[in-house]
Amino acid sequence: MLMALFNIVIFPGLLFLGIYALFFAFLDRKLYARLQNRVGPPWFQPLADFCKLLGKETIIPQGADRRVFVSLPVFALAAVTTAFIYVPIWSVNSLFPFEGDLIVVLYLLTIPTLCFFLGGWYSTSLYATIGAVRALTQLFSYEVPLFMAMLAPAILAETWSISGISAYYAEHPLYILINIPAFLVAMVACQGKLERVPFDLPEAETEIVSGTFVEYSGRLFAIFKMAIDCELVVVSALIAAIFLPFHAANPWLGFLYFIIKTVIILILLCLFRASMARVRIEQMLMFCWKILTPLAIIQIIINLLVRGALA
Amino acid sequence: MKKGPGKIAGFALEHVFKKPATIQYPFGKLKLEESYRGKIEYDAETCIGCNICARDCPAGAIKVVNVGTKEEKSFQCRLDVGHCIFCAQCVDSCPKKCLHFSPNIELAAFSRDNLKVTM
Amino acid sequence: MSDNSKRITIPIGPQHPALKEPGCFTITLEGEKVVNAVVGVGYNHRGLEKACESRTYIQDLYIIERVCGICSHTHSTAFCQGVEELVGVEISPRAKFIRVIMAELERLHSHLLWLGVAAHEIGFDTLFMYSWRDRELVLDMLAMLGGNRVNYGINTLGGVRRDITPEMKELIHKTLNIVEEQNKYYIDLALHETTLAARLSGIGKLSHEDAIKYGAVGPVARASMVKDDIRVSEPYAAYDQIPVKVVTDDHCDVFGRAVVRVLEIMESISMIRFALDNMPDGDLAVKFPRKVPAGEVFSRTEAPRGEDTHYIRGNGTDKPDRVRVRAASEANWHGMQHMLEGDYLADVPIIIAAIDPCYSCTDRAFIVKDLDHGDQRVWDWQSLKRYSVDWYKKRGFDASKIKLAERRI
Amino acid sequence: MSGEEKIVAQILERYPFLEGKITIQRRQRIIMPPLSREKFEDVFKYVVDEVGFHRFHLVIGVDDGEDLGFIYALSNEENIVLLLKQKAPKELPYIKSVCSVFPNALWHERELVDLFGAQVEDLPPGPTYPLPDGWPAGNYPMRKEWKVEYFDKETMTYNPPAEKTPETASDDKAKEAAK
């Protein structure tokens with residue numbers, strides 16, 4: 001019982017995730033700045049931002065439903081934190097592995113997007129409404145290729161559990177090469193999930209101010225921001241667990257591997273963000289359905305064929 | 001170059017290992033040219049109090065007053081840095097060249113009264 | 001469901017992250033498509049023309065220079081050459097060349113600034129940072145030549161105030177090489193980056209006929225195949241001795257405007273090089289009288305954004321009778337509504353940015369939308385001010401007193 | 001014969017009464033004399049439709065004391081600028097809008113309304129420009145008699161000093177003498 005509480009609150013739960021998310025936010029911003037030949041923020045900047053936001057006044061719009069408006073950021077953070085518990089960190093096994101946790105994690109990761117949508121919708125601001133609608137439209141476009149890209153390795157590994165997939169590829173490391181197209185699809189699609197350039201349409205600062213979050217301020221916004229940062233960690237940890245399964249028996253070494261893998265994924269995501277312009281909503285739909293989805297389907301077919309050949 | 005997305009990635013990656021182009025202001029400062037038009041400096045010795053500078057100033061920021069007696073004149077220049085637009089027309093207009101500009105641009109103050117300088 | 005209920009009207013501006021200056025665009029949307037756009041500008045009317053009437057010509061010069069922060073040199077050139085024409089003074093050839101060099105350097109910095117702003121509007125911050133980094137080099141050159149980064153103050157009535165020494169010339173040549181090399185990369189990037197082309201092409205259409213009809217000037221007109229450039233059609237300063245190539249493009253959209261601007265940077269670089277190498281000797285400024293004879297003059301220059309026109313009327317005293325300034329972006333506003341309609345909301349900022357706007361015009365009625373009651377109340381400035389003072393008073397903070405104490409005009 | 005002279009000749013052929021009043025200031029500049037409203041509309045139409053001045057730059061308002069002047073800057077294919085002038089008495093400054101011919105005249109004409117108090121007929125409805133809301137009616141800041149010093153920005157009122165009657169003037173003199 002005590003151990004479970006420790007796991008949920010401190011490691012690998014809320015506290016560790018929070019600290020690691022702040023570190024990730026720093027790394028992301030610093031790298032982004034260095035890619036643009038700037039100095040970038042100091043290491044404590046995300047923490048300072050978080051603390052500052054906590055101290056600011058929270059304003060709730062008059063037309064908004066108070067309870068829903070306040071609970072949405074907490075919901076988003078809770079969903080992300082819960083998802084993290086099912087992602088392996090120090091070994092091939094996560095904390096509470098079970099058959100089918102991949103699907104649970106993917107669905108838990110959808111909840112923040114729904115929270116952004118509802119948050120924007122309940123803000124009763126025009127910008128937020130447009131941002132909310134965009135968030136939902138975007139969800140329908142990237143979710144399908146992302147899920148399919150995640151499921152393709154699972155088909156090859158013949159298991160629906162993240163730990164099982166990790167263990168399978170740790171045993172047969174060469175099979176990872178088959179999954180490279182799925183890895184690329186997942187990297188692109190998760191850029192949409194994380195609402196980063198080129199798919200940052202729901203917040204598009206220069207178009208709709210900051211979209212869904214335009215009415216959020218103070219503590220609520222801090223929690224939302226935290227949820228987004230945590231989502232970045234969870235998604236990169238998930239991709240690392242599925243597509244880059246190099247594991248060590250020693251948990252300390254395994255943990256080091258985890259950090260290296262997630263940072264590599266972050267660097268790729270950051271490079272992706274730095275090198276493109278934001279697309280329009282209809283261009284994004286077109287891209288996701290016409291390029292990413294067929295690519296993911298082809299991957300699934302290949303994996304099915306390989307599976308058949310192996311059997 | 002072929003068409004395609006993410007063309008700038010290589011260019012940007014190169015710059016990660018280069019010195020940043022920005023400077024963190026209060027800790028590091030850019031070197032300004034000596035000819036930069038900053039705050040006006042005044043030399044009371046050579047001034048004859050003709051006030052041509054005041055007549056040509058577009059913002060009405062400068063004024064030279066006689067603080068001595070009629071016989072023994074001694075001049076003071078009163079400059080409102082808050083109004084000054086740093087065009088340095090007064091420097092050009094001055095017949096005795098007693099005004100000149102300095103590359104001093106750090107002129108922020110907490111109150112408008114602090115911006116009024118007597119030289 | 002009536003047609004109207006599907007539509008929403010959103011304001012873009014007067015304060016909006018996409019617009020760095022105040023301008024209000026009331027956009028009516030159907031989904032993400034713009035069906036109607038109302039342009040409201042003029043929050044920045046500073047009464048410069050009235051101010052000019054009560055000041056002498058030499059004072060006006062510095063006021064006119066501050067009409068625009070980016071094309072300050074072209075405005076002051078237009079004013080100077082107008083007054084010089086009125087007096088009948090011919091300035092020295094060297095001064096003319098220095099004016100041209102400054103004008104072209106200004107065009108460089110303005111176009112690099114535009115490239116950065118346009119990239120930022122479409123979320124391409126990396127290009128924004130790099131183009132502004134290189135703009136700094138140009139600004140440093142301008143600061144070295146003029147003494148300031150934006151209001152160079154190099155023009156004076158009857159010539160220029162500062163000379164270009166051989167050392168400066170050397171330095172400018174060196175910096176230009178770097179800028180040219182960087183700019184070649186940006187041209188390459190602008191033409192080949194898919195996301196950039198996807199965002200820029202096909203939006204903000206302004207056909208050749210419409211460009212003439214709405215009186216578009218500068219790169220906006222040239223991107224619609226209107227071969228219109230004051231540097232060629234009415235050469236001023238030393239432009240008659242320098243080869244000028246007019247860059248045009250037939251895309252008629254934002255992409256075309258981007259292409260025209262990046263290619264113009266290359267043209268400007270070669271023009272500066274030519275001017276530096278062929279600069280004649282001579283005085284910097286000729287003696288200029290304080291009193292200007294009566295008469296009127298219509299002076300035109302080509303700013304980075306297009307054609308600047310100045311009308312100056314003298315009445316024989318040392319103060320002008322009337323000064324009328326028409327900045328380049330004022331001419332480009334007229335086609336804005338036409339350009340916006342039919343495009344996506346996501347494209348509104350980039351279309352607005354594509355004319356490189358400079359806000360100097362106004363409507364000041366603003367509508368405060370009261371969603372609780374669903375009605376619209378129009379508040380004017382006075383009542384809003386009163387409302388805010390009362391609001392703070394209720395919370396124990398008398399804003400009106402503090403304001404009076406601190407305000408001094 | 002240069003392009004400017006040809007144009008002047010063409011205008012003079014149609015409107016002989018302008019003989020000697022049109023000046024060619026320099027290359028690419030033709031200045032017309034101020035015309036009254038009826039004559040102006042006719043000449044404007046002719047110049048735009050038949051002489052080929054199809055680009056409109058701006059309209060400049062000027063205060064000529066008794067009259068208000070309106071200067072229309074037009075140019076043609078060869079980039080010759082023609083300054084067409086119209087005048088209207090200050091009390092009744094009625095002019096006709098040229099927006100139907102040149103849509104880009106809209107903001108310039110609104111400016112005339114706000115700053116000079118011109119009454120522009122057929123001006124499309126829309127916001128005022130460029131003066132702020134709450135601007136006192138009847139104040140036209142670009143007119144010569146309007147002085148910035150008398151305008152109070154806080155209350156948005158224009159308070160010119162009372163005109164000196166002989167009595168107050170003599171009072172002033174008495175005061176000065178007392179000093």
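Chain letters run A, B, ... following the sequence lines, proteins first, then strands; residues in each count from 1. Any value given below was found using the heavy atoms of this structure, including those in side chains, with hydrogens, waters and symmetry copies removed. All of these numbers come straight from a predicted model, not from anything done at the bench.
A:Phe213 has its ring centre less than 6.0 Å from the ring centre of A:Phe224. Side-chain rings of A:Tyr20 and A:Phe24 approach one another, their centers coming within less than 6.0 Å.
Chain A forms more heavy-atom pairs under 4.5 Å with one residue of C:Arg199, C:His120, C:Met129 than with any other, namely C:Arg199.
Within the 4.5 Å cutoff, no side-chain heavy atoms of A:Met226 are placed close to those of A:Val80.
A:Asp49 and A:Gln45 share a donor-acceptor pair across their side chains, judged by distance under 3.5 Å alone. No hydrogens or angles considered: a donor-acceptor pair under 3.5 Å links the side chains of A:Thr110 and A:Glu143.
For C:Leu200, no part lies near chain A; criterion is any non-hydrogen pair under 4.5 Å. Interface remark: C:Leu29 contributes side-chain atoms only to the contact with chain A (heavy atom separation under 4.5 Å). Contacts between C:Arg133 and chain A at a heavy-atom distance below 4.5 Å involve the side chain alone, from C-beta outward. For chain C, the nearby part of A:Ser275 is the backbone; its heavy atoms alone come within less than 4.5 Å.
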